[in-house]
Amino acid sequence: MNSAAFPVAVLAPHLALGLGLFAALLAGMGRVGERPLRVLVVAALGAALALVWAWHRTQTGGPLIRSDEFSWLGQLLCYGGAIPLALVLSGGDISAALLLGSALGMGLLAVSGNLLMLFIGLQFMSLPGYVLVSRQGRPRSYEGAVKYFFAGGTASALFLMGLALHYADTRSLALEAGSGVLSEAGLALMGAAALFKIGCVPMHFWLPDVYESSSPELAGFFSTSMKAAGFLLLMRLVALGPDSALAGSLPALGALTMIFGAILALRQQGLQRLFAYSSISHAGNLILGVGAWAAQGARAAGAAPVFFYLAVYLLMSNGVFQFLRASSAVSRGDLRGLGQRDPSQAAAASALLLSLAGIPPTGGFLAKFLIFWELVKAGLYGALAVAGLATLVSLGYYLGLVRDMVFEEGDRLDRARQASLSRSLVWVCAAGALMLGLGPSLVSALARALGGGG
Amino acid sequence: MNLVPWSLWLLIASPVCAILAVFFFVRPRKPQWSHWPILGSCALVCLAATDLTSRVYAGMVLDVPVAIWMLGGDWYLPFGFRVDGLGTAVLLMVAWVGALIQVYASGYMKHDPGFSRFVLLFHLFYLAMIGLLVSNNFVQLYLFWELVGVCSYFLIGFWYQKESARRAALQAFLANRVGDFGLMLAVLLLMAMTHGNTSFSSVFRLLPAAPTEMVTLAAFLVFWAATAKSAQFPLYFWLPDAMEGPTPVSALMHAATMVTAGIFLLVRAWPLISSIELLPQLIGWVGAATAIGAGLVACAKTDLKRVLAYSTVSHLGIMAFALGFGETAPAVFHLLTHGFFKAVLFLCVGNIAHALGKASVGVDETGGLAAKMPLTFGCFTAAALSLAGLWPFAGFYSKDSILDAAFHQGGLQAAAGVAIAFLSSFYIFRMLFLSFLGPRREQRGPGHAHEGEPVLGIPVFFLSLGAVGAGWLSGPLSRLLASGWMLRTGMSPVPDWTWNGLFASQACALAGVGAAYFLTTLRPQWDWDWRRRFPRVERLLESDFGWKPTVAAFSALVVEAAGMFSRGWDTRLWDGLVESTADWAKRGGERAASLATGQLNDYLWWMLAGTTGLLYLVLR
Amino acid sequence: MTLSIWGVSVLLFLAGLAMVVLRRQLLAMLLGLELMINSVNIALVYTGSLWADAEALSAALLILAIAAAEVVVGLSLILKLNGAGAPVDSSGLSELKG
Amino acid sequence: MTLGWLSLAWMLPALFGAAAMMAGARARGVALWGSGLTLSLWFVLGWTYGLEGVESLSESGPVLAWGIRYALFTDGLSWSLCGLTAFLTLLSLLSSWRLRVSAAYWACFLWLEAALMGVFLARDLFLFYVFWEATLIPMFFIIGLWGSENRRHAAMKFFLFTFFGSLFLLLGLLGLVSENHRMTGGWNWDMAALTGPDGGMGLAIFLALILGFGVKVPIVPFHAWLPDAHTEAPAAGSVMLAGVMLKMGVYGILRVAIPAFPKLAWDLLPWLGLLAAVNVIYGAICAMAQSDLKRLVAYSSVSHLGFCLLGVFSRTPEGLTGGSLQLINHGLSTGALFLLVGFLYERAHRRGLADFGDLASRAPWMTLFFSIAIFSSIGLPGLNGFVGEFMSLAGMTRVFAGLAVAGVLGVALSAAYALPAYQAVFWREPGPGSVSAQVGDLDGREKAILWALTVLMFAIGLYPKPWLEMIWSAMQGLQL
């Protein structure tokens, strides 16, 4: 690694996003409609994705920037998760710029090789998020944004404290493992911030409020891109100390999160809140995956299940939130009779729900299966038992929604149906989730990409 | 396979073909012609049975597997035939008596709307019994044993519109199932003890090496099975109610096809039964108790068929009584003669019912029939004399050999023999006198009764020839039975009658006749008077000494208990528990939701708590 | 010295945390956030200068900038709430729950 | 990897299912073609390759990851169960020919068939589990969309409860594979090559597997889903549910639990046998108390599957073969019963015992077929039910006679629940609220369906040898 070869290739996606951001703000000066803006944002994200893919073999490790498998996989997930939102983005140039800014923050987080860079990335992705929530124009948007802001601010302050402690121990801000109790405490504090981002119990309380006060597509973005970034952060931290207290606590936290999210989702009538809790439950599953990964030494090769889960969840969660947008259903009652009114949407949504529930032959099943298997391999049977129980509980609402849609009769909603783009997105996501389930070879490809498996 | 004579194949094939042909070809087009193929098959069966008997008489004994039924690895179950003296002796009677009853039935049931169904089931019933007699292994025997049970179920319930018929059919099948429980278990145990062997000969050969307790258990279970099929106490109760079927069904069931199966099984399994200490004696005592009890009850019945039914129970008891002394040949002999005279009695009652245009006939509705129906009267009298055991009728020879053995035992057995002889002649002559003499004040009299068509008369006539003369064949029968007997000690021959026995039994029988004549004709109102005077006694006899209500109460209890178990435990408790898990999850959700207060500061407190927890883990 | 500076830093951090957690006045909570971030800066600046480590010092500068951005976002949210006539008290923001 | 005939056996119905979904009004024709072709494929393959040849049809793809591969195989047991699946699917579709239902109905049945075929053909345990779970989805919709009044609740209960079992199954499978990895160092998902560990871990895995499969069987007390699901499902759905889906549990025990833990299964024989015996008696007692015809048949299934288990757990040649044959027998006789109850329901929209009476006069063909099916179901020798029951009990008697007593008692009890119900519907004079008047006799199509089942009942009852030989060829490794 020589410094002469500054990793332009690694930062090219960020450049694309930055240019897009700039272009969006420029466009805001003129009278540009929503459609060109959407095209712009999608183009920027698409370009970033393409660039990530094109140069994903370029690996560097500088003091600030580091590019490895996690970086490019993480970027793919973060940018990819933003595309459904970008496709139906509303709110003009500001929203476009905020979205691209947030994506840029995630990108930075993904390539940072330094704690400070991590912090910058974290803030870069979070701050636009607060504003995006506040701009939703929904009755409770400000409440959501304020809660999000203060909880997120506290988390980033905790992260900073952790950073300082880690620094005090290792004398460096680089992503290096420390040895003392200080660095472990630092990891714990930074880990707390990461766990906050992904909605780990008991740091999850903000999450349903924020999702509920956002538009469905924004909630989809939060639950996928933002979560992927959070998990990337968590995995970076855990990799620093696979046997730290942080890593050791993950199985318990994951199990708690899974069951907590599941039983709370069970009682929700509001759909966005329901899927918020469902996303908490899924986060729990992912935390378990990270915990099992850590318990097996946190080798890059072992992370395939977590990334696969994130990829499937990206499709599933964006799919259901787009479905909420397309059907303009707000509460569970609104879904009744959808199977008769709109069979194709109901079918796609059912596929998504079954995938979320983890029923074969969907991607959701394969993802959950891989995590469970990691738990077995790590010997975490207690967490596995709780995860199984939580899966069972989660069936109660996923299947309950299918029942509401397909088996029950209901009246036509007086709210107008949304644009057809969301409808197609639901289809695409459902098809993608099914494809991922039918092709376990993708998992092996992933495992190979991470340098192991097979 | 060329070892198997043609007649054996014919024996099975002709009923099967006839049934299939009638079902598929005749029934859809000309249901009223259904009986013709069946009767043809009956003729062939009789021919085949006769041929087989003559072969066995000439010394042939056949025990061959012909096909594999079930198999699993080295375990297998064959279909096979055993043609030996015991089988053919009963077979010959069953074939002929059954065939004649079917001739009768095809006339008797002619105008029933279910005629075609009737003859099919009837013939299947016949086929099942024949198959049972030529089986060479326990499982195949069980097959036909069950098939007999099923046919009886559908035939007893033939007039299913009648509540009583439905109940009787169900009761018959369930009681038999209770017995079959024993047979199936016995078969399973025997198989397990003999390494998967089921054929009679190999099972009995291997038994000495088997554990004694298991063999004892199996033997008791075989007897248990026989008490159901052959209507012994405690499972006899289904048989009297089985009268609800059409009369030919009763005739066939009582005389030839069904109830004889149990006694046949006991004799077939005699090597097993006799190897168990005290079991033969138990059989004998059960038989004696059944014979006397049923005889007493028969004395009090007013329905003609019901008297005959209890008489059958009683006579089956006599056969079991004989087995108690190890007198297998007399038991079989009595089985055969009983087949003839009981068939005649039933068919005669059938004729009476037919003449009066009813399904069943009570004593009150008859009286003075002798003049109007002379042929029926004649046949009935011959059969009654035979049943009562009066010389020289068939019943005398068979019953005398049994009574003789009882008298030799002396003591209680002798007393039981006397009682049985007296009772049977009393109840049958009471019935005879009540229905054919008179009419008495309480009776309706003959009315327009008249003999039926020839098809109702001729079979009865031929059967009564058997009822009269079958007893003279004890010698040939002894020889026949001895061939292929599976016990080393040899088949006990049918003993010749003795003067002592003759006098004793004739005295008892004549006393019974006399008593019956006295009470029905010299004191014509007695039969109605005693009921008024001794209502308790009547209740006692009507309830079969309290056994019938006990059984009814017990089965009601079982049904009730099953209902309570199902509703109380399965539905309410267990299913309720399962259903309530959803509520638990919901309640857990409510509890957890109370944490999400919506207060920002609370959220932050929780974050703080989580972080503190993590730090605690670090510093621990 | 090291210990006392770190002690002050941690104390300030906890004070900020307490403000955030305990106060319901949104502005006070925002100040608490700032206090937390800047308390960390104290520790960073001190430790960095102790080891003559430019990395930490520049980090402190960057953190200041980011904290400023955060304040902007926070203040704008609070002002917006104020302008809408809604209370700036966090206890009023409890419609979203359960 | 090239896909072979066995892949076609499950893909054919899956593709036809998709085609039926698209076909709109012509869906039922497409579906009929699909299931007919599948059955023909089954028959032609079996005919041309013979029994040993069928085994040579196995397919095995490359390892995808961690030893997981696409691998199918078949032998006498799985081939006969595939045949049962294809046959009952065809009959189910035919039986619903007159229903006015959407294209999804026909597609769901074909997808169900595809998943069931997959379960019986899979060799790789991962694939097995995928198919295993995939069966739930079409059945969920079949019950929930086209069932009777309480269908929604029943569909949820069915899915949740059986998924509860599947979780244990998954746990067991994962444990089995990972423990096997620990012992051998290789990743292996081949169900024929896995052996479980000894000790407490082995016991835990075995119990998880038994529980997982047991919910499907269902082993009492995990049967609570069954009565509701069977009762509320449409007739054809009940046929598939009882006829094929319950068999998956016993199939799993035969294929996975016993081969992996041959010794443990033997050591636990008294307890496992006790479970089976309890099943027999429990199902019979509960069936006695039912007043809904379908519910009664459902509980009788609990009892019948107990016989299968008695045979299978005995691990004797006759027990294994008979228990497995009983799977097919139960599919035929219970299938026929559910179809008949369905035909009744189609005509009168009632199922209660009290709603009918005197059908023997009004619908003689229905009576005939019902009589045969019910006697097959209660184990009349000469019909198919007896062969399986008797062989199972013979096996159990040899190793543990005390448990066989319970089995024989169950045979006796079966008459006590079946015949009163039979009489109530077909013989008794109709009560005041009776709907017997609306019940006409079977038409040609319905008769043809039932003839097909009845002929098989007699064929297996009298000449079970070919079936038994076919099954036995798959059982040799399992006996002790």
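Reminder, nothing fancy here: chain letters follow the sequence lines and each chain counts from 1.
The side-chain hydrogen bond (donor to acceptor under 3.5 Å, both in side chains) test applied to A/Ser279 returns A/Lys227, not counting sequence neighbours.
With rounding to the nearest 0.5 angstrom, the CG atom of A/Leu246 is 6.0 Å from the CG atom of B/Leu614.
Contacts between A/Leu158 and chain B at a heavy-atom distance below 4.5 Å involve the side chain alone, from C-beta outward. Proximity to chain B is absent for every atom of A/Ala262, based on heavy atoms less than 4.5 angstrom apart. In this structure, the portions of B/Leu595 lying under 4.5 Å from any heavy atom of chain A include both its backbone and its side chain. Using a 4.5 Å cut-off between heavy atoms, A/Leu195 contacts chain B through its side chain alone, with no backbone atom that close. Neither the backbone nor the side chain of B/Ala609 comes within contact range of chain A, judged by heavy atoms closer than 4.5 Å. Proximity to chain B (any heavy atom under 4.5 Å) is restricted, for A/Phe196, to the side chain, taken from C-beta onward.
In terms of heavy-atom pairs under 4.5 Å with chain A, the best-connected choice from B/Ala592, B/Ala585, B/Ala582 is B/Ala592. Contact count versus chain B (heavy atoms, under 4.5 Å) is highest, among A/Pro202, A/Gly191, A/Gly248, A/Ala192, for A/Pro202.
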Geometric donor-acceptor pairs, no angle filter, chain A-chain B, under 3.5 Å:
unit_1, atom_1, unit_2, atom_2, d
A/Lys147, NZ, B/Gly598, O, 2.8
A/Asp209, OD2, B/Tyr603, OH, 2.4
A/Arg267, NE, B/Glu590, OE1, 3.2
A/Arg267, NE, B/Glu590, OE2, 3.3
A/Arg267, NH2, B/Glu590, OE1, 3.2

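Smallest separation of non-hydrogen atoms from B/Gly610 and A/Met203: C-CE, 3.6 Å. The minimum heavy-atom distance between A/Ala185 and B/Val618, with the atom names listed, is N-CG1, 3.7 Å.
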